[in-house]
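Take a look at the structure set out below.
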Amino acid sequence: MKLLVIGGSQFLGRHLVEQALARGDHVTVFNRGKTVTALPPGVEQRRGDRKGDLVALAEGRWDAVVDTCGYLPRDVARMAACLRGRVARYVFVSSISVYAGFEQVNHEGSSLGRIDDADTNVIDGRTYGPLKALCEQAAVAAFGDGALLIRPGLIVGPHDPTQRFTYWPARVARAADGEAVLAPGSPADGIQVIDVCDLVAFMLRAIDDGRSGAYNLTCPPNTLTMGALLQACAEAAGCQPQWVWAAAADLERLDLAAWSDLPVWLPAEGEHAAFALADTRAAEAAGLKIRPLAQTVVDTLAWYRGLPAEQQVFSKAGLSPESEAAALASLLRR
């Protein structure tokens, strides 16, 4: 297959390029060239900026394009218009956040989020999901049945720049046997994640199969728990800490935020009641395969340990040792 990747040098795009090459595809990447990542041999690189400079894409034909970095609908519309007629399939990497709410289980036909200021340039917690929904609409408007919409949950694995999932293998690996480690909620609380390699494998297979429409891409609901994640981290690190489980009310009292200070987890109540229950049956029927959580943890920890020391600091997610120690002291006093 001749594959065009918009992005291709960071997390998801990087894995996509590597898997496509490994199976014999011809890969072209289009990006600004600002990320210092050496592309694998054989990749054709075209430089430009999706916000206006598309000259490098004026010529060429591809079997599919995978848009890994579309956040504003006008940018997706511009890219789709540039490639229409020269690309058979437009694969847009969207997000599970497109849905209007998470009080109920979301399937691919659930209501999508909306905003009044659709032309905004601000991408934040309020606009991110609705803007992704509008990006999907732009892709469908240009490609119709040739549009494949990928809605991942939390993507995890090596090279993840968000630090969210990586925090847990790294934190547990730092612990001694019997050392207290702060854990959110309870061991039975459900979570949903998808290994980046499983996500990429699904996308490539879906392109091969000529699929279109939307797919929720994460592990099936009720298959992973926070307790299982932490135990997998302990086994990968070869230690057995003492988990100190803190209920949502305790974390609120301590001014600790779910998903950021204590990543991957959200309390299954109120507006997040069904956040970890996304319906994945359509993707499973289309061939989604999920690797064991233990493998993802081992791979992530090995990648993290290979980073330079200055890149092993958690500045985007997780707790500093000092903040965790203070929270544990407060909890244990009670």
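The chain is numbered in sequence order, starting from 1.
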Exceeds 12 heavy-atom contacts within 6.0 angstrom, atom CD of Gln311: yes
field: Leu293 and Leu229, any side-chain heavy atoms less than 4.5 Å apart
entry: yes
- prompt: Backbone N or O of Arg50 within a donor-acceptor pair of the Arg78 side chain at under 3.5 Å?
  reply: yes
query: Under a 4.5 Å cut-off applied to non-hydrogen side-chain atoms, are Asp250 and Leu256 in contact?
result: no
- prompt: Does the His15 side chain pair with the main chain of Asp198, one donor and one acceptor, at a distance under 3.5 Å?
  reply: no
task: To the nearest 0.5 Å, tell me how far Leu131 CG sits from Arg114 CZ.
output: 14.0 Å
query: Any idea which heavy atoms bring Ala20 and Leu3 closest together, and the distance?
result: CB-CD2, 3.9 Å
query: What ring-ring contact (aromatic ring centres under 6.0 Å, His included) pairs are there with at least one residue in residues 186-223, not counting sequence neighbours?
result: Phe202-Tyr215
- prompt: With no hydrogens and no angle check, do the side chains of Asp25 and Gln19 hold a donor and an acceptor under 3.5 Å apart?
  reply: no
task: Before accepting this row, confirm whether a basic side-chain N of the pair Arg281/Glu108 lies closer than 4.0 Å to the acidic partner's carboxylate O.
output: no
query: Is the number of heavy atoms from other residues, nucleotides or ligands within 6.0 Å of CD (Gln45) greater than 12?
result: yes
- prompt: Between the side chains of Ser186 and Asp189, is a donor N or O closer than 3.5 angstrom to an acceptor N or O?
  reply: yes
message: I'd like to know if the side chain of Asn216 reaches the main chain of Asp279, judged simply by a donor and an acceptor atom lying under 3.5 Å from each other, with no hydrogens or angles considered.
response: yes
message: Do Glu284 and Pro220 make a side-chain contact, defined as non-hydrogen atoms from C-beta onward lying under 4.5 Å apart?
response: yes
query: At their closest point, which heavy atom of Ala246 faces which heavy atom of Leu251, and how far apart are they?
result: CB-CD2, 3.6 Å
message: Hydrophobic clusters here meaning ILVMFWY residues chained together by side-chain heavy-atom distances under 4.5 Å, can you tell me if Leu149 and Tyr99 are in one?
response: no
- prompt: Val43, Val91: one ILVMFWY side-chain cluster at the under-4.5 Å cut-off?
  reply: yes
- prompt: Any donor-acceptor pair under 3.5 Å linking the side chain of Asp63 with the backbone of Lys2?
  reply: yes
query: Got a salt bridge between Asp49 and Lys51, using NZ or NE/NH1/NH2 to carboxylate O under 4.0 Å?
result: no
- prompt: Which value, rounded to the nearest 0.5 Å, describes the distance between Asp145 atom CG and Arg89 atom CZ?
  reply: 8.5 Å
query: Which atoms form the tightest heavy-atom contact between Thr162 and Ala317, and what is the distance?
result: O-CB, 3.8 Å
message: Go through it in stages, so that I can follow the logic: the residues are Val172 and Trp243, the test is side chain to side chain contact (heavy atoms under 4.5 Å, CB included), and I'd like the CA-CA distance, side-chain angles, deciding distance and then a yes or no.
response: CA-CA 10 Å; Val172 174; Trp243 314 120; 3.9 Å; yes
message: Measuring from atom CZ of Arg171 to atom OG1 of Thr166, what distance do you get when rounded to the nearest 0.5 angstrom?
response: 15.0 Å
message: Using side chain to side chain contact (heavy atoms under 4.5 Å, CB included), reason through Met79 and Phe30 one step at a time and then give a plain yes or no.
response: CA-CA 11 Å; Met79 181 65 69; Phe30 173 82; 3.9 Å; yes
query: Is a side-chain N or O of Gln312 found less than 3.5 angstrom from the main chain of Leu307, in a donor-acceptor match?
result: yes
Arg126 side chain reached by Asp117 side chain, heavy atoms, under 4.5 Å: yes
query: Is the side chain of Asp208 donor-acceptor paired with the backbone N or O of Gly210 at a distance under 3.5 Å, no angle test?
result: no
message: Any side-chain to backbone donor/acceptor pair from Gln240 onto Asp177? Under 3.5 Å, distance only.
response: no
message: Could you tell me if the side chain of Thr218 sits less than 4.5 Å from the side chain of Leu154, heavy atoms only?
response: no
message: Would you compute the distance between atom OG1 of Thr127 and atom CD1 of Ile115 and round it to the nearest 0.5 angstrom?
response: 6.0 Å
- prompt: Of the non-hydrogen atoms in Pro152 and Ser94, which two are nearest, and what is the gap between them?
  reply: CD-O, 3.3 Å
query: Side-chain contact, heavy-atom cut-off 4.5 Å: Leu134 with Gln137?
result: yes
Spacing of Asn106 atom CG and Arg151 atom CZ [to the nearest 0.5 Å]: 9.0 Å
task: Calculate, to the nearest 0.5 Å, the distance between atoms CD and CG belonging to Glu18 and Leu39 respectively.
output: 10.0 Å
task: Please step through side chain to side chain contact (heavy atoms under 4.5 Å, CB included) for the pair Thr300 and Trp168, ending with a clear verdict.
output: CA-CA 10 Å; Thr300 303; Trp168 290 112; over 6 Å; no
task: Determine whether Val93 and Val196 fall in the same hydrophobic cluster, where Ile, Leu, Val, Met, Phe, Trp and Tyr are linked whenever their side-chain heavy atoms lie under 4.5 Å apart.
output: yes
message: Within the 4.5 Å heavy-atom criterion, are Arg253 and Ser330 side-chain neighbours or not?
response: yes
query: Is a donor on one side and an acceptor on the other found under 3.5 Å between the side chain of Gln163 and the backbone of Lys316?
result: yes
field: Stepwise side chain to side chain contact (heavy atoms under 4.5 Å, CB included) test for Phe92 and Lys132
entry: CA-CA 10 Å; Phe92 178 70; Lys132 279 287 192 179; 4.0 Å; yes
message: Check whether Thr225 reaches the backbone of Ala228 with its side chain - one donor and one acceptor, N or O, closer than 3.5 Å.
response: yes
- line: On a heavy-atom basis, the closest approach of Ala183 and Leu230 is CB-CD1, 3.5 Å
- request: Flag yes if Ile6 and Phe143 sit in one hydrophobic cluster, no otherwise; membership is Ile, Leu, Val, Met, Phe, Trp, Tyr, and two members link when side-chain heavy atoms are under 4.5 Å apart.
  value: yes
message: Membership question, hydrophobic clusters at under 4.5 Å side-chain separation (ILVMFWY): are Met226 and Val181 in the same one?
response: yes
message: Check the orientation of Phe275 and Trp259. Use parallel for under 30°, tilted for 30 to 60°, and perpendicular for over 60°.
response: perpendicular
query: For Ala133 and Gly113, which heavy atoms make the closest approach, and how far apart are they?
result: CB-O, 4.1 Å
message: Determine whether a donor-acceptor pair (N or O, by modelled atom type, separation under 3.5 Å) exists between the side chain of Arg164 and the backbone of Ile155.
response: no
More than 12 heavy atoms from other groups under 6.0 Å of CZ on Arg86: yes
message: When you compare the side chain of Arg174 with that of Glu179, does any pair of heavy atoms fall below 4.5 Å?
response: no
